[in-house]
Structures are given as structure tokens and as C-alpha cells.
Asks: 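One structure, pasted below without further comment.
Every chain is numbered from 1 and lettered A, B, ... according to where its sequence line falls, protein lines coming before strand lines. Below, each value reflects all heavy atoms present in this structure, side chains not excepted, and no hydrogens, waters or symmetry copies.
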There are 2 protein chains.
Amino acid sequence: MSSGGALAEDELLDALVQVAFHVTGVLSRIGAENDLSLTQLRVFGILRDRRPRVTELATHLGLDKSTISGLIDRAEKRGFLARARSADDRRAVEVFLTPAGRELTTRIYTEVRRELDPMMNVLSADQRARLHELLLLIGLDHHADD
Amino acid sequence: MSSGGALAEDELLDALVQVAFHVTGVLSRIGAENDLSLTQLRVFGILRDRRPRVTELATHLGLDKSTISGLIDRAEKRGFLARARSADDRRAVEVFLTPAGRELTTRIYTEVRRELDPMMNVLSADQRARLHELLLLIGLDHHADD
DNA sequence: TATTGTTATACTCTATAACTATA
DNA sequence: TATAGTTATAGAGTATAACAATA
């Protein structure tokens, strides 16, 4: 499909995959330094400005609710997040950051920026703007959050 | 750092992280459909054109050699890869794909391309070329492979 | 009956520590 | 002594199945 350039297409894809591995690698490493998995890091990121239910988190991350349940257990034991029964639906459980969890999240995301900035700074302001534009285009349908 | 545009920088970073999650998510899902973890997928990808030692794999992926050892065990039991004592250094073990493993790897990477292509195809040929260029720039120092 | 969340179970991933064999 | 790899162990991540409470 798309005449003339299957090889170039593959190279573009390889470059994208490589950058993706680099980015998630940095996230994983910084998470690990704080005893958090990549998934926990994502959950914490989501909880910065939301108070989702267990099932919402599971759907959003593409994981089973039992997986999220266990993950919350462990983070709750460490005092980083908490549960609250929903007022609307007594079956549902809302998850949110504790003050300690919020502090940790802020610290970690600051660190992430500091680590990934050098990668961005090889680009000029113009190039960064263009990259941003292109990333938004290819990212349009995967509901932009977390 | 870098006058005028800290907010825009953050948005660029967010877009990059989001695309990274999308890409690794697709890889994870396709891996899972074939009972392979993301790490195993990466190992298989490396083995397409190399015959590394256990320690080389571990270093490359930032994991402990014992982790790689177990991962090889499981894939070996399933007939996808094999070990061979090195002729140069009798302590070392080389890892390589079996024919079945090579077939599986080809099939999976074809599938990966098919799944990620739609994302690319929202861009014009020109835009794809520009994105490729920019990705290569920011990916320059993270030794380009796997 | 269907949905929300938890628990029990099992397997993989991961690191640390102790070990064997080779250098 | 140092290095390559394996094994034992333990904890976290993950999914499936069975369950209790609520809708």
C-alpha cells in the first residue's frame, strides 16, 4: 500500500519504536528508583487530576480490574493512595492520591522532565514545534490523557 | 532553561510520552496474543540478526543476567530459541532463534507493522519524512538497534 | 440478572545472593 | 581473582475464575 517507499516506512516505524522504548525506559528507571512500576507511575499520573473508579482505571490501562485492585492494595499500604466508596453507586470504589502520593508524583514527574529534556534540546525551537505538531496528528485518536 | 516556552515544552513531552505508551501498548498486546512479553518481543527482535551472549542481552536491555536466563529457559522450552556454548570462551553462552522462533518473529513483526501503519497514514509522505528526520535527531545517542 | 470490586490461584518478570565452571 | 551463566528465593505484575454486595 502507499506507492513507493515501503522501506522508508519501515525505517520510520523503527525510529518510532526505538524512541518509544527510550521514553518508557526512562520512565521505568525513574519509577524503579522510587519502587514504582511503570503501571503505577501511569496510575499516579492519571490520579493527579482525576478520581476514577477501579474499573475506569482498568479500562483505561487495558488491564484486568483484579490487577488494579492488587496494585492499589500495595500503594495504599505505602500511604500513597486511598479508596473511598462512591456516594452514587455503593458498589463502586473511587481511587485518589493522598498528600504523600501527590508529593511523590510531583517529584517524579519533575524528574522525568529533567531526564527527557536533553533529548528535546538537540532540536531547535522550530523543530520542536514541528515535532509537537506531527505527534499530535498521529496521536489524535488514542484519547489523549495520562 | 531555554527562554520562553516551558509550557510548550511540557506539552511536547506529554505528546511524546503518550505516543510512546501507544506504541509499546500495541507491541505488548500483539506479544500477549502470542504469549510473549514485551521483553521477549525485544529479545526476539534482537536475535533476528544477531547471536548475542546472555550478558550482552542483559546489558542491552538493562536487566539482570538471571532475568535473561529465566526468560531464555521459557522460550527454549517452547522451541523458539536455543543456547550454544561459545567456542572462544567456554564460559559464555550464545543465544539464537530456532527456525520456529524465526518464523514467529517474522509473523509478529509483520503484524506490528500492520497495526501501526494506520497511525502513520494520517500523515502525508512529506510529513512522514519530516517526522522520521526529527525522530532520528532525538534518537541519535541511544545506540540505534532492537 | 448484571455490574463492581475483592480474593484465591497460578504463572511470568524481576532482582539479589550464592553457586559452578572457566579464564 | 574475576567473569559467565545458572539456580534458589522472594516480591510484584498479570489474568482467570469464583465470590459478595449492590443495582
Asks: Tell me whether the OP1 or OP2 atom of dT6(D) has a side-chain N or O from S69(B) closer than 4.0 Å.
Replies: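 Yes.
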
Asks: Kindly say whether S37(A) contributes a backbone atom to a donor-acceptor pair with the side chain of Q40(A) at under 3.5 angstrom?
Replies: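 Yes, Q40(A) side chain to S37(A) backbone: donor-acceptor pair under 3.5 Å.
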
Asks: Base, sugar-phosphate, or nothing: which does T39(B) touch, judged by heavy atoms less than 4.0 Å apart?
Replies: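 Result for T39(B) = sugar-phosphate.
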
Asks: Applying a 4.0 Å non-hydrogen cut-off, can you work out what E94(B) is touching in the nucleic acid: base, sugar-phosphate, or nothing?
Replies: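 The answer is nothing, as E94(B) stays clear of every strand by at least 4.0 Å.
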
Asks: Any chance you could measure L36(A), atom CG, to R78(A), atom CZ, to the nearest 0.5 Å?
Replies: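 One gets 5.0 Å once the value is rounded to the nearest 0.5 Å.
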
Asks: In whole Å, what is the span from the CG atom of D35(B) to the C1' atom of dT14(D)?
Replies: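 My rounded result for the distance is 13 Å.
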
Asks: Just how far, in rounded Å, is P of dT22(D) from CZ of R53(A)?
Replies: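 Between P of dT22(D) and CZ of R53(A): 15 Å.
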
Asks: Atom CZ of R102(B) and atom CG of L47(B): how far apart are they, to the nearest 0.5 Å?
Replies: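 Those atoms lie 8.0 Å apart.
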
Asks: May I have the distance from D64(A) (atom CG) to dA18(D) (atom P), rounded to whole angstrom?
Replies: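 Atom CG in D64(A) sits about 14 Å away from atom P in dA18(D).
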
Asks: With rounding to the nearest 0.5 Å, note down the distance linking CZ in R74(B) to CG in D35(B).
Replies: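 Here the interatomic distance stands at 12.5 Å.
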
Asks: When the distance from CG of D73(A) to P of dG11(D) is rounded to whole Å, what number comes out?
Replies: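 Distance check: D73(A) CG to dG11(D) P gives 16 Å.
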
Asks: Regarding Q40(B), tell me which of base, sugar-phosphate or nothing describes its non-hydrogen contacts under 4.0 Å with the strands shown.
Replies: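 Here Q40(B) touches the backbone only, sparing every base.
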
Asks: Could you check how far CG of L41(A) sits from P of dG13(D), rounded to whole Å?
Replies: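 Spelled out: CG on L41(A) to P on dG13(D) is 12 Å.
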
Asks: Answer yes if the side chains of D64(A) and S66(A) hold a donor-acceptor pair under 3.5 Å, and no otherwise.
Replies: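 Their side chains do contain a donor-acceptor pair, which is all the 3.5 Å distance test asks for.
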
Asks: Pick the nucleotide of DNA chain C nearest each of L36(B) and K65(B); which residue has the one closer to the 5' end?
Replies: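 The residue closer to the strand's 5' end, by nearest nucleotide, is L36(B).
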
Asks: What integer distance in Å separates D89(B):CG from dA2(D):P?
Replies: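 The answer, rounded to whole Å, is 17 Å.
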
Asks: Quick one: how far along DNA chain C does chain B reach, first to last nucleotide 5' to 3', anything under 4.0 Å to a heavy atom?
Replies: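 Endpoints of the contacted stretch of DNA chain C: dT12(C) to dA23(C).
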
Asks: Could you give the CG-to-P distance, from L81(B) to dG5(D), as a whole number of Å?
Replies: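 The distance from CG of L81(B) to P of dG5(D) comes to 14 Å, rounded to the nearest Å.
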
Asks: 5'-most contact on DNA chain D: A87(A) or R74(A), nearest heavy atom basis?
Replies: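 Closer to the 5' end of DNA chain D: R74(A).
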
Asks: Once rounded to the nearest 0.5 Å, what's the spacing between atom NE2 of H22(B) and atom CG of L135(A)?
Replies: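 H22(B) NE2 to L135(A) CG: 12.5 Å, rounded to 0.5 Å.
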
Asks: S86(A) side chain to V93(A) main-chain N or O, any donor-acceptor pair under 3.5 Å?
Replies: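 Between the backbone of V93(A) and the side chain of S86(A) there is no qualifying donor-acceptor contact (under 3.5 Å).
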
Asks: Under 4.0 angstrom, heavy atoms only, what part of the nucleic acid is T55(A) near: base, sugar-phosphate, or nothing?
Replies: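 The residue T55(A) makes sugar-phosphate contact but no base contact.
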
Asks: Check the distance between dG13(D)'s C1' and L61(A)'s CG and give it to me in whole angstrom.
Replies: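 Rounded to the whole Å, the gap is 13 Å.
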
Asks: If you find the nucleotide of DNA chain D closest to S37(A) and the one closest to R91(A), which residue's nucleotide is nearer the 5' end?
Replies: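 Here S37(A) is the residue nearer the 5' end.
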
Asks: For I68(B), answer base if it contacts any base atom (sugar-phosphate contacts may also be present), sugar-phosphate if it contacts only those atoms, and nothing otherwise; contact means non-hydrogen atoms under 4.0 Å.
Replies: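 Touches nothing.
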
